[in-house]
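Okay, structure first, notes after.
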2 protein chains.
Amino acid sequence: MHAEAVKGHLDSILLASLEPQPLHGYAIMEAVRAGSHASFDLPTGTVYPALHRLERAGLVRSKWSTVSGRRRRTYELTDRGRRRLREERQSWKLFSRAVSNLLSGAPAGATP
Amino acid sequence: MHAEAVKGHLDSILLASLEPQPLHGYAIMEAVRAGSHASFDLPTGTVYPALHRLERAGLVRSKWSTVSGRRRRTYELTDRGRRRLREERQSWKLFSRAVSNLLSGAPAGATP
DNA sequence: CCTAACATGTAGAATGGCTAGCTATGCACG
DNA sequence: CGTGCATAGCTAGCCATTCTACATGTTAGG
């Protein structure tokens, strides 16, 4: 299956992946691939810039470490990040409900 | 609530709105607003270019008419459009399931 | 008469994800 | 030994799409 566009929901996905525990970029990509049952296979050119964006926005915080010779940058949620994640969950609910409703051809009234 | 981005799912939404019956642009905007319970209030600068794009892609077909002095361009689905809509519905299911799964913090295994 | 709703459109900015390229280490296998 | 794969990080620039802002014209109603 060709790469599905994550359009507009990348941030939510990344934040959510960091909620249970801090992770480094590469591990995030794997977590997303696994958690989406391979629907999303995010390229590095998508993930790393996005993480930098989230850090600049103060939603995540990073620190470098070295594990068996390989340098890692581990990200964790900030308080603002956690708050944002809550909001994102809420708006995803509204968004997905709206799209599902429209795609189902509902006569305007279903799933209120 | 600030304008929700329809990012990447506009085409599906437009095609779906034309499934029950042909509509003109303005009516499509109203149908989407109603069907999404006002979550999506698409600006004309989004809808009209998108419809032209869909027409160029052979997914919809349009014809002009005049109703009480006002000119209208009414769009209807082509066969290719209908086929595409079926595909879009399928991939929306996969997409939304994947995102919901990730946002719920599922330990990779939920909603298979 | 003037405004709101109806109806369609375009140009250009802004966004944001993807492609393609780069660097570097550790480990398994032939 | 050296070749290749998985691990780990990064950026520049392309491209598609959506939104902002503007432009145009009609009809209905106060």
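Computed over heavy atoms, backbone and side chain alike; hydrogens, waters and symmetry mates excluded. Residue numbering restarts at 1 for every chain, and letters A, B, ... go by the order of the sequence lines.
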message: Could you tell me if the side chain of B:His9 sits less than 4.5 Å from the side chain of B:Phe95, heavy atoms only?
response: yes

field: Protein proximity profile, nucleotides 4-13 of chain D - base contact B, sugar-phosphate-only contact S, no contact -, cut-off 4.0 Å on heavy atoms
entry: --BBSBBB--

Please report, rounded to the nearest Å, how far the [atom2] atom of [N] is from the [atom1] atom of [X].
X	N	atom1	atom2	answer
A:Phe95	D:dT18	CZ	C1'	13 Å
A:Asp41	C:dT19	CG	C1'	14 Å
B:Leu42	D:dT20	CG	P	11 Å
B:Ile28	C:dC6	CD1	P	15 Å
B:Leu14	C:dT8	CG	C1'	15 Å
A:Arg53	C:dA14	CZ	P	17 Å
B:Lys63	C:dT8	NZ	P	15 Å
A:Phe40	C:dG17	CZ	P	12 Å

message: Need to verify one output field. Residue with the more 5' nearest nucleotide on DNA chain C, A:Gly69 or A:Gly8?
response: A:Gly8

- request: List in chain and number order the residues that pass side-chain contact (heavy atoms from CB on, under 4.5 Å) with A:Arg70, two or more places apart in sequence or in another chain; answer none if no residue qualifies.
  value: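 With sequence neighbours excluded, A:Arg70 shows a side-chain contact (heavy atoms from CB on, under 4.5 Å) to A:Ser68, given in chain and number order.
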
field: NZ/NE/NH1/NH2 to OD/OE distance under 4.0 Å, A:Glu19 and A:Arg89
entry: yes

query: Are any of the side-chain nitrogens in A:Glu88 or A:Arg84 under 4.0 Å away from the carboxylate oxygens of its partner?
result: yes

query: How about B:Arg73 and B:Ser62: does a side-chain donor come under 3.5 Å of a side-chain acceptor?
result: yes

message: Pairing donors with acceptors under 3.5 angstrom, does anything connect the side chains of A:Trp92 and A:Ser12?
response: no

- prompt: At under 4.0 Å between heavy atoms, what does B:Leu10 touch on the DNA or RNA strands: base, sugar-phosphate, or nothing?
  reply: sugar-phosphate

